[in-house]
Amino acid sequence: MLFKFKSQATADLIMLEPDARKVLQIIGKDASPRGIITVDQIPQAIAALQAAVAAEDERAQAAKAPDLDQDPEDADGQDVKASVGLKQRAVPFIEMLRRSAAEQADVVWGG
């Protein structure tokens, strides 16, 4: 399932359900099929997302600390690749929220 976030201030933003659920959970919204983030709620939503991204970045930096006993390859001899993190998912959404706040536009979504 896809979530389509809409605002009169920006183009639509589409997310896969797991990513949308995570973002909505962070900002304290229920991942129901339809919802709204009002202009008054946008500053708190931006702050919550920025805090979550910062916390994830800190955990990633701590995990990158050199461990001399750890091999940078997995059991199959393949290089271990970093997965797409919250930052890559949240930054476009944060930008949508900022532009919507600037133009006093609510953000709505539907599944």
Side-chain angles (χ1 to χ4, degrees):
M1 184 166 113
L2 297 175
F3 276 69
K4 184 184 283 190
F5 294 92
K6 297 180 179 190
S7 170
Q8 292 181 349
T10 67
D12 294 353
L13 180 68
I14 298 172
M15 285 189 200
L16 294 174
E17 181 180 5
D19 300 320
R21 285 185 179 281
K22 184 172 185 176
V23 167
L24 290 170
Q25 178 185 16
I26 290 168
I27 65 173
K29 291 288 187 175
D30 182 36
S32 59
R34 299 192 187 282
I36 186 169
I37 304 166
T38 65
V39 172
D40 292 338
Q41 296 170 332
I42 289 175
Q44 294 84 11
I46 292 171
L49 286 168
Q50 289 174 329
V53 167
E56 183 180 83
D57 285 347
E58 287 178 19
R59 286 190 300 273
Q61 289 300 323
K64 285 183 183 178
D67 183 355
L68 299 176
D69 295 330
Q70 187 176 12
D71 190 348
E73 296 181 349
D74 67 12
D76 296 333
Q78 302 292 323
D79 288 335
V80 177
K81 304 282 185 200
S83 63
V84 176
L86 176 63
K87 186 174 189 174
Q88 287 81 7
R89 304 287 188 217
V91 167
F93 192 66
I94 291 170
E95 184 58 28
M96 175 184 236
L97 291 171
R98 283 186 180 142
R99 290 177 59 193
S100 297
E103 294 191 29
Q104 296 294 301
D106 296 333
V107 175
V108 297
W109 72 87

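On a predicted model such as this, the values are computed, not experimentally measured, just so you know. For this chain, numbers begin at 1 and follow the sequence in order.
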query = Who else is in the cluster with V108 when I, L, V, M, F, W and Y are joined by side-chain contacts under 4.5 Å?
reply =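 Besides V108, the cluster holds I36.
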Going by atom type alone, with no hydrogens or angles, which donor-acceptor pairs under 3.5 Å involve a side-chain atom of residues 5-13 and a protein atom two or more places apart or on another chain?
{"residue": "S7", "atom": "OG", "partner": "A9", "partner atom": "N", "Å": "3.1"}
{"residue": "S7", "atom": "OG", "partner": "S100", "partner atom": "OG", "Å": "2.6"}

Let me check something: any side-chain donor-acceptor pairs from residues 41-53 under 3.5 Å, sequence neighbours excluded? List them with distances.
{"residue": "Q41", "atom": "OE1", "partner": "K29", "partner atom": "NZ", "Å": "2.8"}
{"residue": "Q41", "atom": "OE1", "partner": "T38", "partner atom": "N", "Å": "3.0"}
{"residue": "Q41", "atom": "OE1", "partner": "T38", "partner atom": "OG1", "Å": "3.4"}

request  = Keeping to residues at least two apart or across chains, list the salt bridge (Lys or Arg N to Asp or Glu O under 4.0 Å) pairs with something in residues 46-57.
outcome  =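 Only D57-K87 qualify under salt bridge (Lys or Arg N to Asp or Glu O under 4.0 Å).
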Under 3.5 Å donor-acceptor, Q88 side chain and G85 backbone =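 Flag set: sc Q88 to bb G85 pair under 3.5 Å.
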key: Donor-acceptor contact present, side-chain W109 to main-chain S32, <3.5 Å   =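 Pair found, side chain donor or acceptor close to backbone of S32.
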message = Nearest 0.5 angstrom please: I37 CD1 to L97 CG, how far?
response =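 Interatomic distance, I37 CD1 to L97 CG, rounded to 0.5 Å: 5.5 Å.
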task = Quick one: pull up CG in L86 and CD1 in I26 and give me the separation to the nearest 0.5 Å.
result =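 L86 atom CG to I26 atom CD1 measures 4.5 Å (nearest 0.5 Å).
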task = Go through the structure and list residues passing side chain to side chain donor-acceptor pair (under 3.5 Å) with R21, not counting sequence neighbours.
result =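 Only E17 meet the side chain to side chain donor-acceptor pair (under 3.5 Å) criterion with R21.
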key: Validation row: D19, F93 side chains within 4.5 angstrom (heavy atoms)   =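 SC-SC contact between D19 and F93 ruled out.
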Set of salt bridge (charged side-chain N to carboxylate O under 4.0 Å, His left out) partners for D106, sequence neighbours left out =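 Not a single residue meets the salt bridge (charged side-chain N to carboxylate O under 4.0 Å, His left out) criterion with D106.
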ask   = Can you check side chain to side chain contact (heavy atoms under 4.5 Å, CB included) on L24 and F3, steps first, answer last?
value = CA-CA 11 Å; L24 290 170; F3 276 69; 4.0 Å; yes
